[in-house]
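Okay, so here's the structure we're looking at.
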Amino acid sequence: MITLSKPKVLICSGWPYASNVPHLGNLIGCLLSGDALARYYRLKGCDVLHVSGSDTHGTNIEFEAFKRGVSPKELSDRVHQQILEIIKAFEIDMYYTTTESPTHYRFVHDLYKKAEANGYITSLEEEQAYCTHDGKFLADRFIQGTCPHCGSPNAYGNQCDDCGTLLEPSELKNPRCRICGQSTISFRKTRNWYLDLPKLEPQLKAFIAAKGFQDNVGKFTENLLKEGLKPRAVTRDLEWGIPAPFQGAEGKVIYVWAEAALGYVSATMEYFEKQSNPRGWEPFWLDEGKSVKHVYTQGKDNIPFHTIFFPAQLLSSGTRYHLPDQISATEYLNWIGGQKFSKTRGIGVYSDEALKLLPGSYWRFYLLLLRPEQRDIDFSWEDLDKAINGVLANNIANLIHRVTSLAHRSYGGIISPTAIASPVSKAIEGTKAKYQQAFEAGSIAQALRHVADLAVVGNEYVQKERPWEGQKPEVIANAYALAKALAILLSPFVPSFSERVYRVLSLNAPTLDDVGRLEQREIRLGPPERLLEKIDIEEVRAAYDQMKGDKKP
RNA sequence: GGCGGCGUAGCUCAUUUGGUCUAGAGCGUCCGUCUCAUAAGCGGAAGGUAGUGGGUUCGAAUCCCACCGCCGCCA
């Protein structure tokens, strides 16, 4: 018998910025969506790797570190550790690294050296703000001054938050350095290196046309291409970051946008290095064909990075890397009343705080069910309550408990190998088909809704057949088939919950193929178990209020 | 200001390329009911002029135009 190698799937989740732990919106957009997809493809029997890591460079981290009086390295290391804990608590099963990894440095160096050799790197001398007191060039955000339009004294070098006008650093009146607070700013000439995107445009267009990205992803990308691409600077005069490998660029670093996404490749390399299989990454990245599928999850703001800038970086190397196949982008999850999450202003729940309120699996279920796939949504306690108590507890967990209790009460906990009645098997097969279709299209919330719908069918069925009256072993067998299908289909969303159900239903590492499959022999159920505790949303809310209250000075 | 996206019952969403009649479902609400189950389940009812206003069509939530609101990109 010939065993074909399993289809490979690489899930790439957007890299959390290591200035702070991710908030709920970041989490659902990147890592959680990626985990659900990865688990789905594993359930289907694919060879799956899910990678991401902490994005540790850039001026935001430098500034945040400065505010806290620590080095950028100290700050990002600390946040990275926190994120690792969060990943564990949210039951995310992936390879998570950081842009500080040596493999990443090496890969970024190699790639840009090749890009330079291939003639895709140009350089240009420009004037940039420089603080003579601190002796360094200042990123736009590090300069503050008076807005020339509205007169606000708190405008930044890139924009005035008070009137919304976009600015150039040179437009600010009385510019001062946000690091030392002094007005010791002058403009000096400096040379920076650019990725020649216009030169890569034909290749990019061919790639985008070939992949045919859907919906908002396609539109975003088209618009950007329509406007025409300009060369983008890939270096900056900073100390924190990956040193630029170009001739004459000593003392400069590769700017964060130009290296973080390359981490998808270097993380894959690093994963296989640790498996003592240093060439294991190649089938994932060097096969241009259909035997590997690349799916990216991130917030909508990152779409162009993944459809244009990141592919451009890969193309500039001259190596024919596998380019993105699918972008599963989310809209935004905002806080109550449409407010933006803000750590400093104390708005919203960050992932570390979320875990103090409820276990990770509860958040998973809520976030994946309400995943913003069509438009921005606002968090609400009511939705959280409905998702957990209404859908997961009352409908799903209760149905499974109901079935196992019935089986034990009147049938000795034994499921006989009966054929599944056609309406039940039809419902299971129909759900499975819609579920797969949704997942393959990257519509994770939709897949979960199909599962929830099956639980409704299950309750209707049990109610109608009344297996608590007389002996109806075939009804119990059908109900068992429903419970089993639910447990398996739910595993990409709430893995620990599914594991508990597997134990009760006597299932051993089932796969997608087991959904709707006929039992060959008698099954002896484990003792009925209360599978999920409900939440008291008012208590959770009170705990949240207290947590936030404690933080205020 | 320019470009793009979105706008369906209180909430979350369905309505495959415009056409099964009174636009569906879950949750919530109200009424009824079973009792195996986590005060869960089931049945029924109320609830939408599909953002608004025009237009195309025999027929539009689904196509076109304008306006309003939200979001994003750009200036």
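Chain letters run A, B, ... following the sequence lines, proteins first, then strands; residues in each count from 1.
Between E460(A) and K464(A) no salt bridge is recorded (no basic side-chain N to carboxylate O distance below 4.0 Å). The pair D453(A)-K434(A) fails the salt-bridge criterion, with no side-chain N (NZ, NE, NH1 or NH2) lying under 4.0 Å from an Asp/Glu carboxylate O.
Put simply, CD on E469(A) is 13 Å from C1' on U33(B), counting in whole angstrom units. Rounded to an integer number of Å, the gap from CG of L392(A) to C1' of A40(B) is 13 Å. If you take CG of L225(A) and P of C3(B), they are 19 Å apart, rounded to a whole angstrom. Between I537(A) atom CD1 and C11(B) atom P there is a gap of 18 Å when expressed in whole angstrom units. Taking atom OH of Y366(A) as the reference point, atom C1' of G26(B) lies 16 Å away to the nearest angstrom. The CZ atom of R232(A) sits 12 Å away from the P atom of C73(B) (whole-angstrom rounding). Rounded to a whole Å, the CD atom of E529(A) is 16 Å from the P atom of A37(B). The distance from atom CD1 of I377(A) to atom P of C11(B) is 13 Å, rounded to the nearest whole Å.
Note on ring orientation: taking the six-membered ring where Trp is involved, the planes of H306(A) and Y264(A) are tilted (angle from 30° to 60°).
A donor-acceptor contact shorter than 3.5 Å links the side chain of Q326(A) to the backbone of E440(A).
Looking at the side chain of K300(A), the nearest of the listed nucleotides A14(B), G72(B), C42(B) is G72(B). Picking from U38(B), C13(B), G41(B) the nucleotide with the shortest atom distance to the side chain of R402(A) gives G41(B). Ranking U38(B), C34(B), G26(B) by closeness to the W468(A) side chain, first place goes to C34(B). Here the nucleotide nearest the side chain of L370(A), chosen from U12(B), C34(B), A14(B), is U12(B). Side-chain proximity of R466(A) to U35(B), G72(B), G26(B): nearest is U35(B). Set against U38(B), G41(B), C11(B), the side chain of Q463(A) has G41(B) as its closest nucleotide. With C71(B), C42(B), A37(B) as the candidates, the nucleotide lying closest to the side chain of N459(A) is C42(B). Here C42(B) is the nucleotide among U38(B), U35(B), C42(B) with the atom lying nearest to any side-chain atom of E460(A).
Between A23(B) and C71(B), the distance separating the two C1' atoms is 27 Å to the nearest Å. Look at the P atom in both C42(B) and U35(B): the space between them is 16 Å, to the nearest Å. Of the C1' atoms belonging to G69(B) and U20(B), the separation is 35 Å, rounded to the nearest Å. As rounded to the nearest Å, C6(B) and A45(B) have P atoms that lie 34 Å from one another. Taking the P atoms as reference points, A60(B) lies 15 Å from G51(B), given to the whole Å. When the P atom is used for both G5(B) and A50(B), the distance is 22 Å, rounded to whole Å. If you take atom P in U15(B) and the same atom in C63(B), they sit 14 Å apart, rounded to whole Å. The same atom, C1', is picked in C3(B) and in U17(B); the two are 27 Å apart, to the nearest Å.
For the pair Y296(A)/P324(A), a side-chain contact is recorded, criterion being any heavy-atom separation below 4.5 Å from C-beta on. L448(A) has its side chain within reach of L490(A): a pair of non-hydrogen atoms, C-beta onward, lies under 4.5 Å apart.
The residue L531(A) sits close to a base: some heavy atom pair falls under 4.0 Å. Note on L399(A): nothing from the nucleic acid sits closer than 4.0 angstrom, heavy atoms only. Residue A397(A) is classed as a base contact, given a heavy-atom separation below 4.0 Å to a base. Using a 4.0 Å heavy-atom distance criterion, N398(A) is classed as a base contact.
Applying the 4.0 Å criterion to OP1 and OP2 of A40(B), one finds that K534(A) has a side-chain N or O inside that range. Between K340(A) and the phosphate of G72(B), there is a side-chain N or O to OP1/OP2 separation shorter than 4.0 Å. Between A37(B) and R409(A), a contact under 4.0 Å exists linking OP1 or OP2 to a side-chain N or O.
For the ring-ring contact (aromatic ring centres under 6.0 Å, His included) with Y366(A), the qualifying choice from W381(A), F379(A), F90(A) is F379(A), the only one to do so.
Not a single donor-acceptor pair, N or O on each side, falls under 3.5 Å between the base of C13(B) and the side chain of R449(A).
A donor-acceptor pair shorter than 3.5 Å can be found between the side chains of T221(A) and T307(A). Counting only N and O atoms by type, the side chains of S498(A) and R39(A) include no donor and acceptor under 3.5 Å apart.
For Y332(A) and F341(A), the ring centers sit 6.0 Å or farther from each other.
Residues Y332(A) and Q446(A) both approach RNA chain B. Their nearest nucleotides, taken by heavy-atom distance, put Q446(A) toward the 5′ side. Comparing L532(A) and D376(A) along RNA chain B, the residue whose closest nucleotide (by nearest heavy atom) sits nearer the 5' end is L532(A).
Both key distances under 3.5 Å define a Watson-Crick or G-U pair, and stretches of 3 or more such consecutive pairs in RNA chain B run B:1-7 with B:68-74, B:10-13 with B:24-27, B:29-33 with B:41-45, B:51-55 with B:63-67.
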